[in-house]
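Everything below concerns the one structure shown next.
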Amino acid sequence: MEALILEKIENGIQTLTINRSDKKNAITLDMYLALTQALNSAKQNDDVRVTLITGAGADFSAGNDLAEFVTLAQTPDKLNTTFDFLHTIATYPKPLVAAVEGMAVGIGVTMLLHCDLVVASQSSTFILPFVKLGLVPEAASSLLVPSLVGHQRAFELLVLGEAFDANLALELGLINKSCDLGSAYEDALVYANKLSVLPTQAVQLSKRLLKQPKEDSVQLSLARESRVFKERLTSQEARDAFMAFLNKA
Ligand code: COA
């Protein structure tokens, strides 16, 4: 069976592909672990100057695997694997580029807040459905989305959780560029190639300087959100929402 996270390192660029297109690239704990391990090993690998994250097939990611959420409700501490991934992506020292096609849902959107350059195809759709699922925002999105767009627009995106398109994502500052359907990866690769030939240390130091002012608050938000998120996972509201999805209600 093909790996659910594919890794390729070429010309200084590590490409990580979420490879579960039959489930719209929904992410399981094993996949978070593989992503974390790949990012951690890239940190130590001088051959990697840039990391590019993308999804196989037509979608970026439908977010956390909801079937797995049902079983995790019995053992919410296992969610630490997801939170380790979020900590790793939030503190990743090398530039991160993302290529988004199709659906980006939940963590499929919030992980973009930790990327440095994001390309999304014009037909991509973004959804932050946490509250509809009885959950709360994660990935420090309760801090980073309001910083990006102000409280009222953040509340609308994170609490009403309605779908929005690449034009709005561009206007909100969530993505750098919208492109034609099917060319997000090629366009993201253009960004990655540009970054890979810039002076490596200067790029990483600049990223650090840009991130440093919010570093402590991001860590605090991650910790605060993960505590509440775990509690919510075991709630009846969440259970009902997961079952409704799984039963296609
Ligand atoms: N977890 C587990 N499986 C998922 C999934 C998820 N997050 N998202 C999609 N899938 C699966 C579906 O169950 C379906 O599997 P099946 O073919 O075995 O029945 C397959 O992926 C295709 O999804 P489907 O719902 O048929 O596609 P769609 O185009 O009608 O809808 C979405 C796409 C993304 C809008 C819809 O799948 C969805 O709402 N997914 C859940 C997103 C979500 O809430 N993520 C969690 C955020 S915390």
Side-chain angles (χ1 to χ4, degrees), residues 1-2 4-5 17-35 53-74 76 78-86 89 98 100-114 120-121 123-142 144-145 154 157-166 168-169 174 181-182 184 221-222 225-249:
M1 199 178 93
E2 225 187 352
L4 294 176
I5 300 296
T17 304
I18 307 168
N19 184 34
R20 198 180 173 218
S21 53
D22 58 324
K23 296 286 180 190
K24 300 212 165 263
N25 297 325
I27 310 175
T28 61
L29 291 186
D30 286 347
M31 294 163 73
Y32 286 118
L33 190 62
L35 286 167
I53 302 185
T54 190
D59 299 286
F60 182 62
S61 173
N64 277 291
D65 186 286
L66 289 177
E68 196 174 59
F69 264 0
V70 174
T71 48
L72 282 178
Q74 315 303 317
K78 287 196 180 160
L79 262 189
N80 290 342
T81 303
T82 307
F83 299 134
D84 286 347
F85 164 70
L86 291 175
I89 200 171
V100 176
E101 297 279 350
M103 301 301 305
V105 188
I107 204 165
V109 181
T110 57
M111 76 166 88
L112 303 176
L113 297 165
H114 301 284
S121 89
S123 54
S124 49
T125 300
F126 301 80
I127 316 177
L128 293 158
F130 303 111
V131 172
K132 285 180 181 163
L133 292 169
L135 300 170
V136 291
E138 34 72 316
S141 57
S142 61
L144 296 172
V145 178
L157 295 170
L158 288 164
V159 177
L160 289 185
E162 287 166 1
F164 57 100
D165 63 12
L168 187 58
L174 179 69
L181 173 68
S221 289
L222 285 171
E225 291 166 353
S226 59
R227 188 166 24 81
V228 184
F229 197 98
K230 276 187 200 170
E231 286 165 13
R232 293 306 303 168
L233 196 68
T234 62
S235 69
Q236 193 59 45
E237 287 178 343
R239 209 164 312 185
D240 291 347
F242 302 156
M243 293 323 290
F245 174 75
L246 296 174
N247 296 327
K248 302 199 184 290

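Order of appearance sets the numbers: ligands from 1, and atoms from 1 within every ligand. Just so we're clear, the structure is a prediction, and the values are computed from it rather than from any experiment.
Ring-plane geometry between Phe83 and Phe229 is classed as perpendicular, the angle between the planes exceeding 60 degrees on a 0 to 90 degree scale with a lower cut at 30.
If you look at Val105 next to ligand 1, the close heavy atoms, those under 4.0 Å, all belong to the side chain. Looking at Leu246 against ligand 1, nothing comes within 4.0 Å, counting heavy atoms.
Of the inter-residue distances, the one linking Phe85 atom CZ with His114 atom NE2 reads 8.5 Å to the nearest 0.5 angstrom. How far OH of Tyr32 is from CG of Asn64: 3.0 Å, rounded to the nearest 0.5 Å. Atoms CG and CZ, from Leu135 and Arg232 in turn, are 7.5 Å apart once rounded to the nearest 0.5 Å. Ser142 contributes atom OG, which lies 8.0 Å from atom CG of Leu158 (distance to the nearest 0.5 angstrom). Annotation: the span from Phe60 atom CZ to Thr54 atom OG1 amounts to 6.5 Å, rounded to 0.5 Å.
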Given side chain to side chain contact (heavy atoms under 4.5 Å, CB included), test Ile89 with Ile53 step by step and report yes or no. CA-CA 11 Å; Ile89 200 171; Ile53 302 185; 4.1 Å; yes
Tell me, with the steps shown, if Leu113 and Ser141 meet side chain to side chain contact (heavy atoms under 4.5 Å, CB included). CA-CA 7 Å; Leu113 297 165; Ser141 57; 3.7 Å; yes
Hey, mind stepping through Leu79 and Glu138 against side chain to side chain contact (heavy atoms under 4.5 Å, CB included) and telling me if it holds? CA-CA 12 Å; Leu79 262 189; Glu138 34 72 316; over 6 Å; no
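Protein heavy atom nearest atom 6 (C) of ligand 1, with residue, atom name and distance: Ala26 CB, 3.5 Å. Regarding atom 38 (C) of ligand 1, its nearest protein heavy-atom neighbour is Phe245 CE1, 3.5 Å. In terms of protein heavy-atom proximity, atom 15 (O) of ligand 1 is nearest to Lys23 NZ, 3.3 Å. Given atom 48 (S) of ligand 1, the protein heavy atom at minimum distance is Leu133 CD1, 3.8 Å. The protein heavy-atom contact nearest to atom 27 (O) of ligand 1 is Lys24 CE, 3.1 Å. Among protein heavy atoms, the minimum distance from atom 26 (O) of ligand 1 is reached at Lys248 NZ, 4.3 Å. Taking atom 20 (C) of ligand 1 as the reference point, the nearest protein heavy-atom neighbour is Asp22 O, 3.4 Å. In this structure, atom 7 (N) of ligand 1 lies nearest to the protein heavy atom Asn64 O, 2.9 Å.
Closer than 4.0 Å to atom 30 (O) of ligand 1 lies none of the heavy atoms of the protein.
When only interatomic distances are considered, the shortest N/O to N/O separation between Leu66 and ligand 1 falls below 3.5 Å. Of the polar atoms of Ala62, at least one N or O is found under 3.5 Å from an N or O of ligand 1, judged by distance alone.
Ligand 1 lies nowhere less than 4.0 angstrom from a heavy atom belonging to Thr125.
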